[in-house]
J.: 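Quick one: structure below, then a few questions.
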Amino acid sequence: MLETLRIQNYALIDALELEFPEGFTAMTGETGAGKSIIVGALNLVLGARASSDAVREGAKRAKVDAVFRVAQPSKRLAAMLREHDIELEDHELLVSRVVTADGRSRAYAAGNLVPVGVLAQIGDELVDMHGQHEHQSLLKTDRQLELLDGFAGTEDAAAAVADRVRQLRETERAIADLETHDRERERRLEFLRFELGEIDSANLEPGEEDELKTRRTLIANAEQVVSLTSEAYTALYESDGAAAIDGVDTALRALGELAHIDPRLKDAESRLETVRSELDDLARDVQAYATDTDFDPAELDTLNERHRD
């Protein structure tokens, strides 16, 4: 039962504390005396929607506290209190609601900050507001079933059935999840089969990508390759009077004559002959490269397509 209702800075009320003794209590008064404000304050502490209009003009916040004596909580209320770690103190439960002037709201139960919805659930178990349907629990199907089970003495059986139904629903969800997983797995397998088929049909070879990149770069720069190859060969072998091979031949003749004069230069002459031979081979390799290099413009398109695959 409701024992105490404290109201601070709510609507027109500055501060008010009401004590409700056991038994029937009636509040009477003329229209406009403030009865509906008290009812509104009780509604607020039981989870009704809050707004800044609830705060008394000039105040920073409104606060409503309600103290309930709960000698024997119902199974539903006891479960709710356990779920939210709310403990009764000497069979009393204090619930509070604070609304600030900017419309923000806070709800408390037994000193703990709780969602406003929890106050509404507690109010459904403790209070029936006749004339205001928000808390008429007798109109709710689950409350009617609870009363019927209590009257018939079938509460334990109803709880057992509810537990079996819960297990059934969990099993149904688990089956649905497994079926969904199977479908997703099959779609994934189908996609991987398709990808594997694409890879197999591409006939890829180890190291092929590097070779494709090299060949594609070569063809893309074909004009520059031809130009540089010709320039290198000319510098080595064909430049009139300035070819590298000509310079080496001139030096080699001079060293030969010097070696006749001074045998100590014979080794230098031999080393230069080796250089001359290497230079000649190098020039022939460059010439062969230029001769063997064949660029087909259509091949570039083929390589690009192959690289994308």
Side-chain angles (χ1 to χ4, degrees), residues 1-74 76-140 143:
M1 67 174 254
L2 177 62
E3 284 192 339
T4 305
L5 182 66
R6 287 190 294 269
I7 306 172
Q8 297 176 342
N9 297 320
Y10 177 78
L12 299 177
I13 297 176
D14 180 9
L16 176 66
E17 181 170 326
L18 298 174
E19 299 285 344
F20 298 92
E22 291 188 14
F24 181 78
T25 299
M27 291 186 298
T28 63
E30 298 179 356
T31 300
K35 301 185 298 297
S36 61
I37 295 178
I38 295 175
V39 173
L42 182 57
N43 263 321
L44 182 67
V45 80
L46 294 178
R49 176 171 293 185
S51 70
S52 58
D53 295 337
V55 182
R56 184 170 177 265
E57 186 176 355
K60 294 183 178 179
R61 67 174 190 168
K63 184 180 181 183
V64 180
D65 300 311
V67 180
F68 292 91
R69 176 159 294 277
V70 186
Q72 186 63 43
S74 65
R76 187 197 300 270
L77 179 60
M80 188 189 312
L81 296 178
R82 285 195 302 271
E83 179 183 356
H84 297 283
D85 295 325
I86 300 172
E87 296 182 359
L88 299 177
E89 185 174 348
D90 296 331
H91 301 289
E92 287 188 350
L93 175 62
L94 169 64
V95 293
S96 304
R97 187 78 178 276
V98 176
V99 181
T100 61
D102 58 5
R104 290 182 296 177
S105 172
R106 294 288 184 273
Y108 301 88
N112 298 327
L113 182 66
V114 296
V116 174
V118 173
L119 293 190
Q121 294 173 10
I122 292 174
D124 285 341
E125 294 298 314
L126 296 177
V127 177
D128 276 330
M129 302 288 289
H130 296 281
Q132 299 293 328
H133 293 280
E134 292 86 353
H135 295 283
Q136 288 186 6
S137 61
L138 289 177
L139 298 179
K140 299 180 179 180
R143 181 60 173 168

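Residue indices begin at 1 and follow the sequence shown. All values derive from a computational prediction rather than experimental measurement.
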J.: Might you confirm whether atom CZ of Arg106 has over 12 heavy atoms from other residues, nucleotides or ligands at distances under 6.0 Å?
T.: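 Count not over threshold, so no.
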J.: For Ala101 versus Ser52, what's the shortest heavy-atom pair and its separation?
T.: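 That closest heavy-atom pairing would be O-CB, 3.1 Å.
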J.: Considering all heavy atoms of both residues, which atom of Ile37 and which atom of Ala11 are nearest to each other, and what is their separation?
T.: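 Ile37 and Ala11 have their closest heavy atoms at CG2-CB, 3.9 Å.
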J.: Within this structure, what is the CD-CZ distance for the pair Glu87 and Arg82, rounded to the nearest 0.5 Å?
T.: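 Those atoms lie 12.0 Å apart.
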J.: With side chains defined as the heavy atoms from C-beta onward, is the minimum distance between Ile122 and Val114 less than 4.5 Å?
T.: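 Result no, sub-4.5 Å side-chain heavy-atom pair not found.
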J.: Using modelled atom types only, decide if a donor and an acceptor are shared between the side chain of Arg97 and the backbone of Leu44 within a distance under 3.5 Å.
T.: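 Yes; at least one donor-acceptor contact below 3.5 Å.
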J.: Considering residues, nucleotides and ligands other than Glu22, do more than 12 of their heavy atoms fall under 6.0 Å from its CD?
T.: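 Open.
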J.: Using a 4.5 Å cut-off on heavy atoms from C-beta on, say whether the side chain of Asn9 contacts that of Asp14.
T.: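 Yes, at least one pair of side-chain atoms sits under 4.5 Å.
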J.: Distance check, rounded to the nearest 0.5 Å: Ile38 atom CD1 versus Leu5 atom CG?
T.: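 Going from CD1 on Ile38 over to CG on Leu5, the span is 7.5 Å.
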J.: Please report the closest heavy-atom contact between Asp65 and Ser96, naming both atoms and the distance.
T.: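 That would be OD1-OG, 2.5 Å.
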J.: Minimum heavy-atom separation for Ser105 to Val116, with atom names?
T.: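 Closest heavy-atom pair between Ser105 and Val116: OG-CG2, 4.3 Å.
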J.: Evaluate the side-chain contact (heavy atoms from CB on, under 4.5 Å) criterion for residues Leu81 and Val70: first the C-alpha distance (whole Å), next the side-chain angles of each, then the deciding distance (0.1 Å), finally the verdict.
T.: CA-CA 12 Å; Leu81 296 178; Val70 186; 6.0 Å; no
J.: Distance check, rounded to the nearest 0.5 Å: Leu77 atom CG versus Met80 atom CE?
T.: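 It is 6.0 Å, given to the nearest 0.5 Å.
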J.: Pick from Ile86, Leu94, Val98: which one makes a side-chain contact (heavy atoms from CB on, under 4.5 Å) with Tyr108?
T.: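 Of Ile86, Leu94, Val98, side-chain contact (heavy atoms from CB on, under 4.5 Å) with Tyr108 is met by Val98 alone.
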J.: Which pair of non-hydrogen atoms, one from Leu119 and one from Ala107, has the smallest distance, and what is that distance?
T.: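 Taking Leu119 first and Ala107 second, the nearest heavy atoms are CD1-CB, 3.4 Å.
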J.: Return yes when atom CD of Glu92 has more than 12 non-hydrogen atoms of other residues, nucleotides or ligands closer than 6.0 Å, and no otherwise.
T.: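 Yes, because the 6.0 Å sphere around CD of Glu92 holds more than 12 heavy atoms from other groups.
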J.: What residue among Leu42, Leu18, Val127 forms side-chain contact (heavy atoms from CB on, under 4.5 Å) with Leu2?
T.: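 In the set Leu42, Leu18, Val127, the residue that makes a side-chain contact (heavy atoms from CB on, under 4.5 Å) with Leu2 is Leu42.
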J.: Show, in sequence, the C-alpha distance, side-chain angles and deciding distance for Leu126 and Val95, and conclude whether the side-chain contact (heavy atoms from CB on, under 4.5 Å) test is met.
T.: CA-CA 12 Å; Leu126 296 177; Val95 293; over 6 Å; no
J.: Rounded to the nearest 0.5 Å, how far apart are NZ of Lys63 and CZ of Arg6?
T.: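 Going from NZ on Lys63 over to CZ on Arg6, the span is 7.5 Å.
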J.: Passes side-chain contact (heavy atoms from CB on, under 4.5 Å), Thr4 versus Glu17? Steps please.
T.: CA-CA 7 Å; Thr4 305; Glu17 181 170 326; 3.9 Å; yes
J.: With rounding to the nearest 0.5 angstrom, report the CZ to CZ distance, Arg104 to Arg61.
T.: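 That separation rounds to 12.0 Å.
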J.: Quick check: are there more than 12 heavy atoms from other residues, nucleotides or ligands sitting under 6.0 Å from CG of Leu113?
T.: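 More than 12 within 6.0 Å, yes.
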J.: Distance from Arg69 atom CZ to Glu3 atom CD, nearest 0.5 Å?
T.: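 Nearest 0.5 Å value for the CZ-CD distance: 4.5 Å.
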J.: Would you say Asn112 and His84 make side-chain contact, with heavy atoms under 4.5 Å?
T.: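 In short, these two side chains do not touch, never coming nearer than 4.5 Å.
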